[in-house]
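See below for the structure under consideration.
Everything numeric in this text was worked out from a predicted model, so none of it was measured.
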Amino acid sequence: MRSDDIGASRTRQTRCVEIVFPDHCNHLGSLFGGQALAWMDKAAFLAASRFSGCTVVTARSDRIDFREPVKLGEIVELVATVTSVGRSSMTVRVSLLHEAEPGGAARPATTGEFVMVAVDESGRAVAVRRGASDA
């Protein structure tokens, strides 16, 4: 692949799948909010990293809405989409969907936005690589 083709191969969306095990749950048998946030942050990291071609860190999480409980044994799909790009930052919208039965209808459980910042080896903010915003 030529270096000028890199931007064309980048995608704005990343999907991850998890399953809710007992150690992910509270005493009511539903997913801990903190576990949901950890999975969402990981999905945002993967989406921003793959999109930008850079190492990224989380700068902020905004407006996390917990709509429905996610129960033990359910399959969770996280859909992370880069929605805007600044000089060194990217906003990533993450939706956590859950399936009560494998292959069943996926319903939204939690949504939120994360701001991820591209950094160098020293942890200093750097510009998102050229061409990434063209994807």
In short, Ala48 meets Val92 closest at the heavy-atom pair CB-CG2, 4.2 Å

Of all heavy-atom pairs between His98 and Pro69, which one has the smallest distance, and what is that distance? CE1-O, 3.6 Å

Separation between OG1 (Thr81) and CZ (Arg12), nearest 0.5 Å, reads 9.5 Å

Could you grab the distance from atom CZ of Arg60 to atom OG of Ser89, nearest 0.5 Å is fine? 8.5 Å

Just to verify, what does Ala36 make a side-chain contact (heavy atoms from CB on, under 4.5 Å) with, not counting sequence neighbours? Leu31, Phe66, Leu96

Please output the side-chain donor-acceptor pairs of residues 104-118 that fall under 3.5 Å, not counting sequence neighbours, one pair per line with the distance.
unit_1, atom_1, unit_2, atom_2, d
Arg107, NE, Glu68, OE1, 3.1
Arg107, NH2, Glu68, OE1, 3.4

Residues joined to Leu97 in its hydrophobic cluster, side chain to side chain under 4.5 Å directly or through other members, sorted by chain and number, are Val79

Shared ILVMFWY cluster between Leu46 and Val82, side chains joined below 4.5 angstrom? yes

Decide yes or no for Phe45 and Val56: does some side-chain heavy atom of the first lie under 4.5 Å from some side-chain heavy atom of the second? yes

Excluding sequence neighbours, so at least two apart, what forms salt bridge (Lys or Arg N to Asp or Glu O under 4.0 Å) with Glu74? none

Counting C-beta onward and ignoring hydrogens, is there a side-chain heavy-atom pair between Glu18 and Gln35 closer than 4.5 Å? no

Which hydrophobic side chains are connected to Phe21, either touching it within the sub-4.5 Å cutoff or through other members that do? Ile19

If Ile, Leu, Val, Met, Phe, Trp and Tyr residues are connected whenever their side-chain heavy atoms lie under 4.5 Å apart, and connections chain through other members, are Leu78 and Leu72 in the same group? no

Answer yes if Val70 and Ile75 sit in the same cluster of Ile, Leu, Val, Met, Phe, Trp and Tyr residues linked by side chain heavy atoms under 4.5 Å apart, and no otherwise. no

Taking all non-hydrogen atoms of both residues into account, name the closest pair between Gly123 and Val119 and its distance. O-CG1, 3.7 Å

Heavy-atom side-chain proximity of Cys16 to Lys42 below 4.5 angstrom: no

So which atom in Val126 and which in Arg87 form the shortest heavy-atom distance, rounded to 0.1 Å? C-NH1, 3.9 Å

Residue list, side-chain hydrogen bond (donor to acceptor under 3.5 Å, both in side chains) with Arg63, at least two apart or on another chain: Asp65

Nearest 0.5 Å, please: how far is CZ in Arg93 from OG1 in Thr83? 8.5 Å

If I compare all heavy atoms of Thr11 with all of Phe51, which pair ends up nearest, and what's the gap? O-CD1, 3.5 Å

Within-4.5 Å side-chain heavy-atom neighbours: Asp41 and Ser61: no

